[in-house]
Amino acid sequence: MLIATYNVNNVNRRLANLLGWLAARKPDVVCLQELKAADADFPAAAIRSAGYEAVWAGQRTWNGVAILAHGAMPVLTRAELPGDPDDRQSRYIEAAVGGILIASIYAPNGNPQPGPKFDYKLAWLERLARHATALRRTGAPVVLAGDYNVAPTELDIYPTRSWDDDALVQPESRAAFRRLVGRSWTDAIRTLHPDERIYSFWDYKRNRWPRDAGLRLDHLLLSPNLAGRLVAGGVDRETRGLDGASDHAPAWIELSDSG
DNA sequence: ATGTCACTCGACGAGTGA
């Protein structure tokens with residue numbers, strides 16, 4: 001089973017890019033982030049024509065997450081992250097596909113830091129960690145996939161000092177990610193490629209894509225009962241170089257059918 | 001310090017978020 005996560009940075013603006021990538025990569029499950037579309041504006045018909053059913057939690061202008069499944073309707077289990085009834089931002093959706101519980105995650109960016117946006121980011125990641133533990137304890141196989149807006153280590157950002165004050169690389173952000181992953185979850189792409197610089201995001205600014213000045217922000221975390229099924233994974237970085245591309249490229253993993 | 005992009009409001013530019 002091929003599971004991917006792709007921050008599309010506006011699903012309607014990026015629809016041609018998304019459909020082209022779906023046709024080429026043929027993933028079984030896709031987690032999308034930054035739809036930047038209200039529920040009524042999600043391009044469900046075009047996505048269905050490409051062979052995918054979808055569930056989504058939209059929001060006008062910002063945020064928005066979805067889960068696509070090839071030839072099957074994802075069974076929605078949750079459309080918001082527990083722990084804060086006042087949180088109106090569409091950053092979490094969860095559904096069952098092919099016997100696996102899939103979450104599509106769009107963690108807050110957190111800039112500028114320090115400040116209320118950074119506080120919200122850290123609190124949101126703590127809520128996610130708590131919910132991840134609850135999911136793990138159900139015993140279900142779980143994949144938590146999405147844009148975590150954290151570059152976990154120095155290997156996950158090109159050598160530079162220019163992001164030192166950015167929320168994506170702060171010690172508090174990295175500690176929150178480490179607490180979430182803990183001893184139980186597997187950062188799939190890092191586990192497959194322990195020593196490689198792999199990026200999934202290149203800022204539009206400052207010639208960052210041509211310079212390969214990227215960060216790895218998009219992660220797929222596997223519950224312990226899935227770790228043994230991980231066979232391959234990577235980032236489709238060529239997607240970032242196409243016309244009208246998102247500033248993120250899709251990250252994907254392949255799980256064996258059983259084990 | 002700065003470089004982009006796409007949107008919002010409510011005018012043809014400024015502000016916002018990433």
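Naming: A, B, ... by sequence-line order, numbering from 1 per chain.
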Worksheet item: Which word best sums up how the rings of A:Trp209 and A:Trp202 line up, parallel for under 30°, tilted for 30 to 60°, or perpendicular for over 60°?
Response: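 Aromatic pair A:Trp209/A:Trp202 classed perpendicular.
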Worksheet entry | Charged N-O contact under 4.0 Å between A:Asp156 and A:Arg174 |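 Not counted as a salt bridge, because no side-chain N and carboxylate O are separated by less than 4.0 Å.
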Discussion item. Regarding A:Arg237 and A:Asp212, does a basic nitrogen lie under 4.0 Å from an acidic carboxylate oxygen?
Written reply: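 A salt bridge is present here (some side-chain N lies under 4.0 Å from a carboxylate O).
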Practice prompt. Examine B:dG17: is either OP1 or OP2 under 4.0 Å from a nitrogen or oxygen in the side chain of A:Asn109? Give yes or no.
Written response: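 False: A:Asn109 side-chain N/O out of range (4.0 Å or more) of B:dG17 OP1/OP2.
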Worksheet item: For A:Lys117 and B:dG17, is the shortest distance between a side-chain N/O and OP1 or OP2 below 4.0 Å?
Response: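 Yes, A:Lys117 has a side-chain N/O under 4.0 Å of OP1/OP2 on B:dG17.
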Output the rounded distance in Å from [atom1] ([X]) to [atom2] ([N]).
X: A:Asn9; N: B:dC7; atom1: CG; atom2: C1'; answer: 10 Å
X: A:Asp243; N: B:dT4; atom1: CG; atom2: C1'; answer: 15 Å
X: A:Arg206; N: B:dA1; atom1: CZ; atom2: P; answer: 9 Å
X: A:Asn7; N: B:dC5; atom1: CG; atom2: P; answer: 16 Å
X: A:Asn207; N: B:dT2; atom1: CG; atom2: P; answer: 18 Å
X: A:Asp203; N: B:dA6; atom1: CG; atom2: C1'; answer: 14 Å
X: A:Gln89; N: B:dG17; atom1: CD; atom2: P; answer: 10 Å
X: A:Asp247; N: B:dA6; atom1: CG; atom2: P; answer: 10 Å

If we take the [atom1] atom in both [N] and [M], what is their distance in whole Å?
N: B:dT8; M: B:dC12; atom1: C1'; result: 14 Å
N: B:dG10; M: B:dT16; atom1: P; result: 13 Å
N: B:dT2; M: B:dG15; atom1: P; result: 15 Å
N: B:dA18; M: B:dG3; atom1: C1'; result: 15 Å

Fill in: Residue met sooner reading DNA chain B from 5', once A:Lys205 and A:Asn63 are mapped to nucleotides
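Whichever sits nearer the 5' end wins; that is A:Lys205.
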Discussion item. Taking the nucleotide of DNA chain B with the nearest heavy atom to each, does A:Tyr204 or A:Trp62 sit closer to the 5' end?
Written reply: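 Per heavy-atom nearest nucleotide, the more 5' residue is A:Tyr204.
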Counting heavy atoms from C-beta on, name the nucleotide in [options] closest to the side chain of [X].
X: A:Asn10; options: B:dT2, B:dT4, B:dA6; result: B:dA6
X: A:Thr61; options: B:dC7, B:dA18, B:dT2; result: B:dC7
X: A:Arg60; options: B:dT4, B:dC9, B:dT2; result: B:dC9
X: A:Tyr106; options: B:dT4, B:dC7, B:dA18; result: B:dA18

Worksheet item: Touch check for A:Arg13, heavy atoms < 4.0 angstrom, all strands: base, sugar-phosphate only, or nothing?
Response: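 Contact class for A:Arg13: sugar-phosphate only.
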Discussion item. Over all strands shown, is A:Phe201 touching base, sugar-phosphate only, or nothing at heavy-atom distances under 4.0 angstrom?
Written reply: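 A:Phe201: no heavy atom of the nucleic acid under 4.0 Å.
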Worksheet item: Does the side chain of A:Arg190 come within less than 4.5 Å of A:His219's, by heavy atoms?
Response: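 No; the side chains remain at least 4.5 Å from each other.
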Worksheet entry | Check against side chain to side chain contact (heavy atoms under 4.5 Å, CB included), A:Arg197 and A:Leu155 | CA-CA 6 Å; A:Arg197 293 194 173 276; A:Leu155 204 51; 3.9 Å; yes
Practice prompt. Evaluate the side-chain hydrogen bond (donor to acceptor under 3.5 Å, both in side chains) criterion for residues A:Asn9 and A:Tyr204: first the C-alpha distance (whole Å), next the side-chain angles of each, then the deciding distance (0.1 Å), finally the verdict.
Written response: CA-CA 12 Å; A:Asn9 186 17; A:Tyr204 290 123; 3.1 Å; yes
